[in-house]
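Okay, so here's the structure we're looking at.
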There are 2 protein chains.
Amino acid sequence: MKSVQDIVTEIQDAGLKVTPQRVAVIQALYKLNHPRAEEIYKEVSQNIPGLSPTTVYNVLDALVEKDIIKRVKTEKGVMRYDAVPDHHHHMYCITTDRVEDFFDPELDNLLQNYFEKKQLKGFKLEDIKLQLMGKFE
Amino acid sequence: MKSVQDIVTEIQDAGLKVTPQRVAVIQALYKLNHPRAEEIYKEVSQNIPGLSPTTVYNVLDALVEKDIIKRVKTEKGVMRYDAVPDHHHHMYCITTDRVEDFFDPELDNLLQNYFEKKQLKGFKLEDIKLQLMGKFE
DNA sequence: TTTCAATTTGTAATAAATACAATTTAATAA
DNA sequence: TTATTAAATTGTATTTATTACAAATTGAAA
Ligand SMILES: [Mn+2]
Ligand SMILES: [Mn+2]
Ligand SMILES: [Zn+2]
Ligand SMILES: [Zn+2]
């Protein structure tokens with residue numbers, strides 16, 4: 001969990017204005033697990049009555065743009081968001097829509113070595129993300 | 001490319017009725033590259049005037065259900081479809097929305113071995129998909 | 001051929017996301 | 001502190017992707 005001061009500094013460093021809406025969206029992202037925009041809206045609305053859904057989308061776009069948060073791919077055609085911008089992978093539950101973070105530097109090394117040898121013709125590889133599909137028990 | 005007869009057999013084997021719409025959707029999927037439903041609709045409409053967009057969605061859902069085709073995750077909140085149901089990975093272009101197939105049994109082996117040793121607590125891993133992010137040249 | 005469940009169609013409805021003009025506000029400087 | 005202003009938020013309308021559902025049609029079995 002990040003302190004409010006850390007969040008404020010993060011927003012400032014990105015050259016964005018620090019607004020209650022932005023701080024609250026980031027806090028909601030930490031509280032919720034890879035939520036959709038609408039879930040964030042519901043959560044943040046409790047602290048900021050009168051919040052506009054449009055603002056949530058605006059804030060999320062701005063934070064993604066500045067690499068403070070990330071988008072997460074899902075099977076369904078709905079966007080989800082990730083409080084963790086650092087490189088990591090995801091475990092997807094096949095039956096529910098649960099998504100969990102997966103950090104593994106050893107695996108990252110393995111993959112990096114593999115793709116250094118193996119040349120992908122016509123494609124400049126910049127990042128590898130794993131989707132671990134399965135079931136949480 | 002698959003012959004019409006192969007497609008017909010595939011649909012029959014799945015226990016579905018063989019309709020011109022279903023055959024044409026599968027053909028369109030082979031012709032187009034990981035298209036959206038709307039692109040498939042436009043393509044198939046040329047051969048089947050009066051085609052309903054709803055039918056395209058219905059057909060795609062039925063084919064996914066029967067594992068004849070697959071859905072593809074994308075950054076954007078739009079579903080895309082894949083003619084290839086067999087296990088493979090994807091190269092995503094960061095700048096355009098291009099997606100290309102990536103088959104690599106050697107890598108699959110490497111990953112399988114890695115995850116056989118490494119235990120994921122509380123998660124039963126069933127499939128690993130790589131998202132290779134980069135740029136086509 | 002006849003039958004009928006499965007499929008397609010057409011229309012309406014929903015959900016997620018975006019456009020945009022008016023209002024408000026955070027940050028800066030006087 | 002107050003004034004200034006570009007940036008951000010809000011509210012409303014709109015778009016886009018998808019789904020719901022009832023009526024019409026049709027593929028395949030009898
Ligand atoms: Mn957006
Ligand atoms: Mn669908
Ligand atoms: Zn994550
Ligand atoms: Zn593919």
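Each chain gets a letter, A, B and so on, in the order its sequence line appears, and its residues count up from 1. Please read all numbers here as calculations on a predicted model, not as lab measurements.
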Checklist entry - Hey, does the side chain of B/Q12 come within less than 4.0 Å of D/dG27's phosphate (OP1/OP2), counting only N and O? => result no

Next on the checklist: Rounding to an integer number of Å, can you tell me how far A/M79 CE sits from C/dA15 P?
Outcome noted: 19 Å

Item to check | Gap between atoms OH and C1', on A/Y41 and C/dA17 respectively (whole Å) | outcome: 15 Å

Item to check | Which nucleotide in D/dT10, C/dA16, C/dT7 has an atom nearest any side-chain atom of A/Q21 | outcome: D/dT10

Checklist entry - Given atom CG of B/L60 and atom C1' of D/dA17, what is their separation to the nearest angstrom? => result 13 Å

Item to check | A/T19, nearest nucleotide to its side chain (from C/dA26, C/dT8, D/dG11) | outcome: C/dA26

Checklist entry - Considering only side-chain heavy atoms of B/K17, which listed nucleotide, C/dA16, D/dT10, D/dG27, is closest? => result D/dG27

Next on the checklist: Rounded to whole Å, please give me the gap between CD1 in B/I48 and P in C/dG10.
Outcome noted: 13 Å

Next on the checklist: Can you measure B/D61 atom CG to D/dA17 atom P for me and round it to whole angstrom units?
Outcome noted: 16 Å

Checklist entry - Taking all non-hydrogen atoms of both residues, which atom of A/L107 and which atom of A/L130 are closest, and how far apart? => result CD2-CD2, 3.8 Å

Checklist entry - How are the rings of A/H34 and A/H90 set relative to one another: parallel (under 30°), tilted (30 to 60°) or perpendicular (over 60°)? => result perpendicular

Checklist outcome for this item: Rounded to whole Å, NZ of A/K42 lies from P of C/dA15 at a distance of 11 Å

Next on the checklist: I'd like to know if A/I69 and A/Y30 are part of one continuous hydrophobic network [Ile/Leu/Val/Met/Phe/Trp/Tyr, side-chain heavy atoms within less than 4.5 Å].
Outcome noted: yes

Next on the checklist: On the nucleotide D/dT19, are OP1 or OP2 found under 4.0 Å from the side-chain N or O atoms that B/Y57 carries?
Outcome noted: no

Item to check | Ring-face cation of B/R98 near B/Y92 (centre distance under 6.0 Å, axis angle within 45°) | outcome: no

Checklist entry - So which one's nearest nucleotide on DNA chain D is more toward 5', B/P53 or B/P20? => result B/P53

Checklist entry - In terms of side-chain heavy atoms of B/R36, which of C/dA27, C/dT8, D/dA17 is nearest? => result D/dA17

Item to check | Residue mapping more 5' on DNA chain C - nearest nucleotide basis, A/R80 or B/V56 | outcome: B/V56

Item to check | For the student: nearest non-hydrogen atoms of B/D97 and B/R80, plus distance | outcome: O-NH1, 2.5 Å

Checklist entry - Which part of the nucleic acid, if any, lies within contact of B/T55, taking any heavy atom under 4.0 Å across all strands shown: a base, the sugar-phosphate backbone alone, or nothing? => result base

Next on the checklist: Just the rounded figure in Å: distance from C1' of D/dT10 to CZ of A/R22.
Outcome noted: 14 Å

Checklist entry - What's the CD-C1' distance between A/E38 and C/dT14, to the nearest Å? => result 12 Å

Item to check | Base of D/dT12 paired with side chain of A/T54 (donor-acceptor, under 3.5 Å) | outcome: yes

